Amino acid sequence: MTLSTGHSAALDFAQPEPPDLSSGKYVKLWQGPQHPGITGNMSLELVLDGDTIVSCKTHVGYLHRGFEKLMERRSFIQNFTVVCRIAVPEPTFNEYLYSHAVEEISGIEVPERAIWLRTMNLELMRLASFLMWIGGQSGAFGQYTVPNWTLAYRDYVLDLFEEMTGARIYHMYIVPGGVRAGLPDGFEERAREIMKGAEKLLDQIERVMFNNVVFKARSKGLGIITPDMVDPYGIVGPNARACGLARDIRKDEPYLAYDRLDFETISGNEADAYGRAYLRLQETRQSINLIRQCLDHAPTDGPFQADMPNVLHWKVPAGETYVKAECTRGEYGYYMVTDGSEFVRRVHVRGPSYTHAIAVMERLAVGTNIADIAGLMVSLHTYPPEIER
Amino acid sequence: MNLRDLLSPFFVWQRAFEKPYTSIRPTIDRPGAPAYRGFHINVSEECVGCGSCHSICQNHAIDMVPAAEFEGRTGDSGLRPRFDYGRCCWCGLCVDICTAASLRMSNEYAWISEDPDEFHFTAGVDDKPWQNNEHGYRRAEGYHLYPPKRIEMDMLSPDESVQSFEEVARGYSEAQAKLEADRCVECGICVATCPAHMDVPDYIHSIRDGDYEKGLQLMYRTNPFPATCGRICTRRCESVCPVGILGEPVAIRWLKRFIVDQVDAKDYPRILNDQIIESGHRVAIIGAGPGGLSAAYYLRKKGHAVTVFEAGETAGGMLRYGVPSYRLPDADLDKDIAYIVSLGVDIRYNTRIGKDIDFEQLLQDYAAVFLSTGLSVPSNMRIQGEDHARVLSGLQVLADVASGRDPGIGSRVAVIGGGNVAMDAARVSRRLGAEVTILYRRRIADMPADEEEIHESQEEGCNIVPQAIPVEIIAADKPQQVSIKWGEAEMVQDPTGGRPRPVLQEDRMHTDTYDCIISAIGQGSDLDFLSKENQQQLAIEWGKFTPGEYQQSALQKVFVGGDVANRTADAISAIEDGHHAARGIERLLNPDGFTATQTDNTGEPA
Amino acid sequence: MNTVDEILDYAIDQEQQAADFYEDLAGRVEKGGMKEILMEFSAEEQRHKQRLLAVKSGEHELTPEQEVLDLKISDYLIDVDATDDISYQDALIVAMKRERAAYKLYSDMAEKLPESHLRKVILGLAKEEARHKLFFESEYDERVLRDN
């Protein structure tokens, strides 16, 4: 990724001075921290002129659990049970990146079978996460049928996780050294059946949600991200791809088995809420395709874990690394520093929501109708827990 | 706006006829997936209470608590994991690390109770409905959180080893030792099992830290023979090491040896820093074997003047005369002994009690006596013809070789017996160029010899004939030869109990001729140096002492230990007997300053 | 010895003699600990005697049909003398050999007799002695041949 270092028009944006509230012309409104239109616990401090938002200030901190600090006092094996909680709907990206960072510093080679199982796990995660997001986006515009479909169907994907990993939400499956188990008997057939059903569901969703006059009316033109905003704001993932940039870490800097999978980066040309939603719908289909490819190629025998030292007193050599992966919302990164002791010196988790939910949100909210603020927030696909690790 | 966009939303009706995913009523049970991480199951009979689950739990949700029914089991801490479900996050790391694979999870996930204390339970001990659930998370085959296989010790090949008396085990390199030390789960079951209660996890830890001086200090707290035990210990610690339940036990003996091998003997005084303040008491020790010298070391550290009476011409006892140098080189035994002697222990060689000096005299001259004379008399088979000149004793053959004399065994040898002396005599004979047959009355599995010795003697070409009972020794045609008549045996289960007993099959007898027969069927004590009166006073039973608390005999001043006072008859037990007797003697001589708890914590006689 | 009572009286007397033999030896031995062992042997013989007394009074029955395991240990050992400095190994050999001799005596006796109640009693006594022999042979196997 090239970062623009020069001056950009996009950077000129500054929150307007808070209007004079005592004038009686404005209304100050807090949205959140508990609000169905917010994708987690954070709040928006809005100032309205009539129905129009004139300023937006984001407030986070309601979910701060200090994960990065917690990790500094836990052993390398214990941490993998902590990291999954950083992004509730997408725990496995944390598991994978944490494990990968540790492996990279200690020079552990993960066996082939684990590479494929990890890839499949991550794509299943993207599928589950997108399904939940589609429901969220539809619901934010007051259409509650699609959320019922997608959240119910997501449970079928969670069934697959339950079988594969032993848990539905916090899978704790990808562990430093590999994965914790191979696939259970009959998993492939059940997975293929669920993929078939998911494809059918997505067709129906496309018909009733995307070819929907109300949805179109409310999402088109909402929260437009222009290409020149992308680099200065650190916008990644579908939010960046929707405005035409073909950036996808899975393709650009392939990790795990992605260089052996047949897929193309999807990019769009409408950078509004509708365009981003449609791009995500396509990426959901892409995930189904990738899961099928993983089922085709994943070895069914052989080791799924590298030879490990005794984890009870595992000292990782001193070093530092930054590892990243493409989650549903873009680049998810782990920066890790170790000092040769039994504990990690520092971990920094870079979640894509950090920019999307704060800087980008504060800018796009200005001028938006109050009724669309929830839809706008969801269209950026943010998870507050990863803002405040 | 086009018409399609207006109409297509109505297609939501399509899905109205889909089967709903959710249950119709919440009371309908939906079992977790077969590998679901639900409530904990512990098969308490298989659990050894190693506490690895407790160590790995990042939530401190597991406490190891005493479980009465498992207390006192060998290789078992007597503790069982107690789960606090107010803390547990069901990550299952406890299941993954479980050394016995006794800890599992059921696929049960619903548990309703009004009593919050109920969610604090000892799995496998407190009765729970899911205890026998066959589904739920198990550690997958091939998934390990510690290396299950030990680092192989570099050994001389059998072809090389039979060529000389060079040490067979070559020792670990630093890298190998660190990898092996890494496998320890630090449960401490070894500490409880070791007769000397050596601080195994801590000295293994010192290897991981590369701090071998600290390792040496830790070892000398309870054992002044680490170079010796690092080579020939019977290592009961390894037989209970929980890492060995599913994999191979940590090579505790080799790690001990590694530490000693890293430290030069000339640095011992600086590292061990044994300060001696003379107490003014004099203590006599009979026998300079591991028991006697261990007592000498710990008594000397307490400032007592120690005199050791040794009938032979060198110190070491059975370690020197009974253990061949390919297992324990003289230099390493001397390293241990030299440090003990350097503290000012007076050893009187070639001095036999009862002949050169009277036992009664010792009782008069010394404040206390420690008696550890070992088992030195070979047992007799009591069969016809046993007194034939070509029937040698295993102990004699080993002693001859240790002293550099030719035992004169010839080139075809039969060894009778299945203990370590028999194996050593056989392997020594191989090194002297003989063809060796071992006759043993029971099965190979019943042999009391160390499994490693049995294996190595076979590797070195000794032919073991199990279930062979000697019945008669017959003079052969040539005077330099001897014949043995032996019969095959069947193992029969004794209806009155005990181990299966061999029964001679009189229709299957054989007679073979050898250059010599080495009899190594065991050895007994020689206590004839004690007067009849003393023998009566000391309450000897089956040729052995039965020591009381702190190794004290029936005579207040006399303490006993080693093979002549314990059932296990190995070096480490003798070493502990000596150490324990030193505590007892300290208690006798200095009753005010003695505290039992202090001795147990530091391993030092108070 | 033609009646059942006669033969039982003889056997009871033999057990008493054995008990006396060990008790007498216990009084003479010098080695530490041997006294206790021999007194234990004597007590064992007293138990045998009590058992036979119970047979005589009808409280207990002999079991001539029951098979008794023969370890054949004493069969191939040399004779040893019951000297004052007897070892525990030799004391056991003496005991095994005595029980073996008694067993032989009764079984040889039974062989010469026609099928009768008397014969059954003598066979029963032989089995009784075989059990005593097994007791001492097991002891020998357990204690003396422990490491072998």
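Each chain gets a letter, A, B and so on, in the order the sequences are listed, and its residues count up from 1. All values derive from a computational prediction rather than experimental measurement. Quick note: numbers below take in every heavy atom, side chains included, and nothing from hydrogens, waters or symmetry partners.
Interatomic distance, B:Gln58 CD to A:Thr81 OG1, rounded to the nearest 0.5 Å: 3.5 Å.
Residue B:Ala140 comes nearest to A:Phe304 through the heavy atom pair CB-CZ, 3.8 Å, listed as atom of the first residue, atom of the second, then distance. Here the shortest heavy-atom pairing between B:Pro147 and A:Asn310 reads CD-N, 3.7 Å. For the residue pair A:Val208 and B:Val12, the shortest heavy atom distance occurs at CG1-N, 3.6 Å.
Using modelled atom types, one finds no donor on one side chain facing an acceptor on the other under 3.5 Å when comparing A:Arg168 with B:Tyr109.
With a 4.5 angstrom heavy-atom cutoff, A:Trp314 does not touch chain B via any of its atoms. Both the backbone and the side chain of B:Phe11 come within less than 4.5 Å of a heavy atom of chain A. Residue contact with chain A, scored on non-hydrogen atoms closer than 4.5 Å, involves the backbone of B:Glu141 exclusively. For chain A, no part of B:Leu179 is nearby; none of its heavy atoms comes within less than 4.5 Å. With a 4.5 angstrom heavy-atom cutoff, A:Pro184 does not touch chain B via any of its atoms. For chain A, no part of B:Asn107 is nearby; none of its heavy atoms comes within less than 4.5 Å. For a residue to count as touching a neighbouring chain, one of its non-hydrogen atoms must lie under 4.5 Å from one of that chain's; by this rule B:Arg138 does not touch chain A. Proximity to chain A (any heavy atom under 4.5 Å) is restricted, for B:Arg183, to the backbone atoms N, CA, C and O.
The residues B:Lys149 and A:Asp307 are annotated as not salt-bridged, no charged nitrogen and carboxylate oxygen being separated by less than 4.0 angstrom.
Around the CZ atom of A:Arg65, the shell of radius 6.0 Å holds more than 12 heavy atoms that belong to other residues, nucleotides or ligands. Remark: B:Glu18 CD is packed, more than 12 non-hydrogen atoms of other residues, nucleotides or ligands lying under 6.0 Å away. The environment of B:Glu134 atom CD is sparse: at most 12 non-hydrogen atoms of other residues, nucleotides or ligands sit within 6.0 angstrom. More than 12 heavy-atom neighbours from other residues, nucleotides or ligands sit within 6.0 angstrom of CD1 on B:Ile28. The environment of A:Lys196 atom NZ is sparse: at most 12 non-hydrogen atoms of other residues, nucleotides or ligands sit within 6.0 angstrom.
With chain A as partner, the option from B:Pro34, B:Gly92, B:Gly142, B:Gly32 having the largest number of non-hydrogen pairs under 4.5 angstrom is B:Gly92. In terms of heavy-atom pairs under 4.5 Å with chain B, the best-connected choice from A:Leu201, A:Ile205, A:Val82, A:Val214 is A:Leu201. The candidate with the highest count of non-hydrogen atom pairs below 4.5 Å against chain B, out of A:Met209, A:Lys216, A:Gln204, is A:Gln204. Annotation: maximal heavy-atom pairing with chain B below 4.5 Å, among A:His171, A:Gln143, A:Lys315, occurs at A:His171.
Side chain of B:Ser8 to main chain of A:Asn211: a donor-acceptor pair is present (N/O by atom type, distance under 3.5 Å, no hydrogens or angles). Judged by distance alone, the side chain of A:Arg180 and the main-chain N or O of B:Tyr143 form no donor-acceptor pair under 3.5 Å.
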- Message: Checking A:Val146 against B:Arg15 for the side chain to side chain contact (heavy atoms under 4.5 Å, CB included) test, could you report, in this order, the C-alpha distance in whole Å, the side-chain angles of both residues, the deciding distance, and whether it holds?
- Response: CA-CA 10 Å; A:Val146 172; B:Arg15 284 189 86 79; over 6 Å; no
- Message: Run the side chain to side chain contact (heavy atoms under 4.5 Å, CB included) test on A:Met308 and B:His144 for me, step by step, so that the C-alpha distance in whole Å, both residues' side-chain angles and the decisive distance to 0.1 Å come before the verdict.
- Response: CA-CA 7 Å; A:Met308 293 292 286; B:His144 302 285; over 6 Å; no
- From CA spacing to verdict: salt bridge (charged side-chain N to carboxylate O under 4.0 Å, His left out), B:Arg208, A:Glu342: CA-CA 12 Å; B:Arg208 291 203 298 275; A:Glu342 295 180 20; over 6 Å; no
- Item | side chain to side chain contact (heavy atoms under 4.5 Å, CB included) between B:Arg37 and A:Met172, intermediate numbers included | CA-CA 10 Å; B:Arg37 293 198 305 270; A:Met172 303 180 197; 3.8 Å; yes
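Two residues are said to be in side-chain contact when any heavy atoms from C-beta on lie closer than 4.5 Å; B:Glu186 and A:Leu312 fail this criterion.
Along residues 70-80 of chain A, the residues that come nearer than 4.5 angstrom to chain B, judged on non-hydrogen atoms, are A:Arg74, A:Ile77, A:Gln78, A:Phe80 in order of number. Residues from residues 238-256 of chain B never place a non-hydrogen atom less than 4.5 Å from a non-hydrogen atom of chain A.
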